[in-house]
There are 2 protein chains.
Amino acid sequence: MSAADGVDPTPDQTTPRVSDATVGRLPVYLQGLLGLAGDGEASVSSEALAEIAAVNPATLRRDLAGIGITGTRGVGYDVKYLVHEISVVLGLNQAWPVIIVGVGNLGRALANYEGLTTQGFPVRALVDVDPDVVGTSVAGVVVEHVDDLSKVVDRDEIAVGVIATPASAAQAAADELIGAGLASLLNFTPVQITTPPHVQVRGVDLATELQILSFYQQRSTAAASGTGVPLGAEHAPDSTDDAS
Amino acid sequence: MSAADGVDPTPDQTTPRVSDATVGRLPVYLQGLLGLAGDGEASVSSEALAEIAAVNPATLRRDLAGIGITGTRGVGYDVKYLVHEISVVLGLNQAWPVIIVGVGNLGRALANYEGLTTQGFPVRALVDVDPDVVGTSVAGVVVEHVDDLSKVVDRDEIAVGVIATPASAAQAAADELIGAGLASLLNFTPVQITTPPHVQVRGVDLATELQILSFYQQRSTAAASGTGVPLGAEHAPDSTDDAS
DNA sequence: TTCTGTGAAATAGTTCACAGCG
DNA sequence: CGCTGTGAACTATTTCACAGAA
């Protein structure tokens with residue numbers, strides 16, 4: 001029983017089978033490595049890089065071994081080589097043009113975020129529904145109408161769709177992006193969008209992140225002060241107000 | 001992380017020990033439940049909610065049981081009750097005032113994002129280093145100088161610090177926030193910041209998310225087209241065939 | 001000697017499957 | 001009956017610990 005789900009005459013071999021957990025850490029390693037490279041470091045030990053990435057050294061070594069990266073015993077890993085290899089594994093040796101749907105506050109901020117372009121995700125297109133916004137230029141890109149989305153995706157060879165619409169329009173935006181042939185979406189709205197299985201969606205939701213922080217903060221405060229109410233602010237529970 | 005390691009005279013009992021995996025899903029359930037509540041639904045089965053949240057029903061039931069939430073056999077879970085209980089567990093029955101450090105494009109977008117305030121994370125303070133920005137008003141909040149950060153945190157009873165500075169200033173911002181007594185940080189820069197163990201940091205990094213998307217997109221494209229180069233763009237990197 | 005690569009053990013998390021309450 | 005709550009099996013991931021390459 002290979003890992004394949006359904007019927008697959010070609011079990012694997014072509015598939016190195018990198019675990020999701022590993023994939024999630026690769027960008028962290030890469031980030032740390034870029035810092036080291038900037039400092040002129042030629043090699044790193046798994047221990048040093050693990051510290052930077054805040055993981056266990058064994059985990060790091062296993063991750064690297066798992067994607068076929070090998071170091072030198074007694075020495076460590078070659079920084080430049082590592083950067084290159086991880087980049088290849090992540091697919092960063094090529095550009096992945098991005099379209100942003102929804103040019104409000106957030107969309108505008110994203111369009112202006114140069115980290116995107118410099119990291120290989122050039123913002124090639126912006127679309128919105130608002131006629132007042134369509135035609136304006138943001139970060140050097142002219143905003144087009146969302147009705148032309150499919151055409152635009154095709155024309156600009158877009159690879160990734162970013163959803164920065166109001167929550168109410170998120171599902172529609174996703175549907176259109178998928179209809180245009182995209183299989184990689186990044187959803188900035190707080191709603192869960194549903195997609196066919198071949199589409200990869202990742203969500204970046206502020207509220208979610210904050211709620212998780214809130215949980216841990218509450219827990220640690222409670223632990224510290226016995227039966228703690230956090231901070232100085234004492235808002236008695238109750239009030240489940242917005243049952244919306 | 002770092003739950004009790006070695007010596008702990010009081011093993012637990014006070015600590016319900018909710019798993020990280022569960023905590024990460026609670027906001028998703030909550031989101032789905034709010035939608036159901038909005039539709040006027042009075043109760044849900046684990047199956048229905050699991051579908052909305054895209055998880056296995058057993059996982060959902062276990063999560064809920066794990067935080068002490070109980071349903072009614074043969075019926076399901078009471079929506080309003082669930083919303084309330086999850087909110088309490090996440091600590092959402094109180095407000096967690098937020099400070100944003102760095103009022104650039106991103107900081108401004110975050111400050112204007114009303115989702116924050118409506119979900120119990122009011123943006124109470126903004127600080128920046130730029131004298132041109134200090135004194136201006138963004139989203140109804142006057143930007144103060146970062147030198148006053150500690151004072152501001154104290155005055156406004158801030159609970160969460162959001163780092164929206166340029167990457168180069170991220171660590172310094174984190175240090176100041178921690179120095180001001182905060183234990184919950186949300187880092188929007190692409191750099192890994194280091195903090196003492198009692199501080200919870202969560203990162204929302206666009207590049208990381210996109211790199212992960214890139215990986216999966218590349219994998220699926222490769223799988224689909226045999227030996228695939230993705231999309232129409234054919235950037236043959238140099239053959240990085242393994243070097244093992 | 002140092003530091004990788006990896007069996008093997010330990011942990012964590014998921015999912016099945018079903019007893020049993022309402 | 002339908003659907004929860006959970007033992008038990010299973011799968012995934014982490015971590016230890018150490019053999020062995022450079």
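This structure is a prediction, so every number in the text was calculated from the model and none was measured. Here is how names work: the chains are called A, B, and so on, in the same order as the sequence lines, proteins then strands, and each is numbered from 1. Side chains are part of it too, since the values below use all heavy atoms of this structure and drop only hydrogens, waters and symmetry mates.
- Computed from coordinates, the A:D20 CG to D:dT11 P distance equals 17 Å when rounded to whole Å.
- The listed nucleotides are D:dG2, D:dT14, D:dA8; the one nearest the side chain of B:R62 is D:dA8.
- Between atom CG of residue A:L213 and atom CD of residue A:Q218 there is a gap of 12.5 Å, rounded to the nearest 0.5 Å.
- Listed by first and then second residue, the salt bridge (Lys or Arg N to Asp or Glu O under 4.0 Å) pairs that reach into residues 192-207 of chain A are A:R202-B:E209, sequence neighbours excluded.
- For A:A21, the listed nucleotide lying nearest its side chain is D:dT14; candidates were D:dG20, D:dT14, D:dT4.
- Between A:R61 atom CZ and D:dT15 atom C1' there is a gap of 10 Å when expressed in whole angstrom units.
- The distance between atom CD1 of A:I67 and atom P of D:dT13, rounded to the nearest whole Å, is 15 Å.
- The residue B:T22 sits apart from the nucleic acid: no heavy atom pair falls under 4.0 Å.
- Along DNA chain D, the nucleotide closest to B:L64 and the one closest to A:T72 are compared, and the more 5′ of them pairs with B:L64.
- If you walk DNA chain C from 5' to 3' and mark each nucleotide with an atom closer than 4.0 Å to a heavy atom of chain B, the marks span C:dG13 to C:dG22.
- Annotation: side chain of B:I100 is in contact with side chain of B:V123 (closest heavy-atom distance under 4.5 Å).
- Put simply, the side chain of B:V28 does not reach to within 4.5 Å of the side chain of A:T208, judged on heavy atoms.
- In this structure, the CG atom of B:D63 is 14 Å from the P atom of D:dT4, given to the nearest Å.
- Under 4.0 angstrom from either OP1 or OP2 of D:dA12 there lies no side-chain N or O belonging to A:S19.
- Within the 4.5 Å cutoff, side-chain heavy atoms of B:L185 are placed close to those of B:V199.
- If you measure from atom CG of B:D78 to atom C1' of D:dT4, you get 15 Å, rounded to the nearest angstrom.
- Comparing B:V44 and A:R25 by the nucleotide of DNA chain D whose heavy atom lies nearest to each, the residue mapping closer to the 5' end is B:V44.
- Atoms CG and CZ, on B:D63 and B:R25 in that order, are 4.0 Å from each other to the nearest 0.5 Å.
- Look at B:T70 and you'll find a side-chain N or O under 4.0 angstrom from OP1 or OP2 of D:dG5.
- One can place CG of B:L82 at 14 Å from C1' of D:dC3, the figure rounded to the nearest angstrom.
- At a cut-off of 3.5 Å, with distance as the only test, no side-chain donor of A:Q200 or A:S184 sits close to an acceptor on the other residue.
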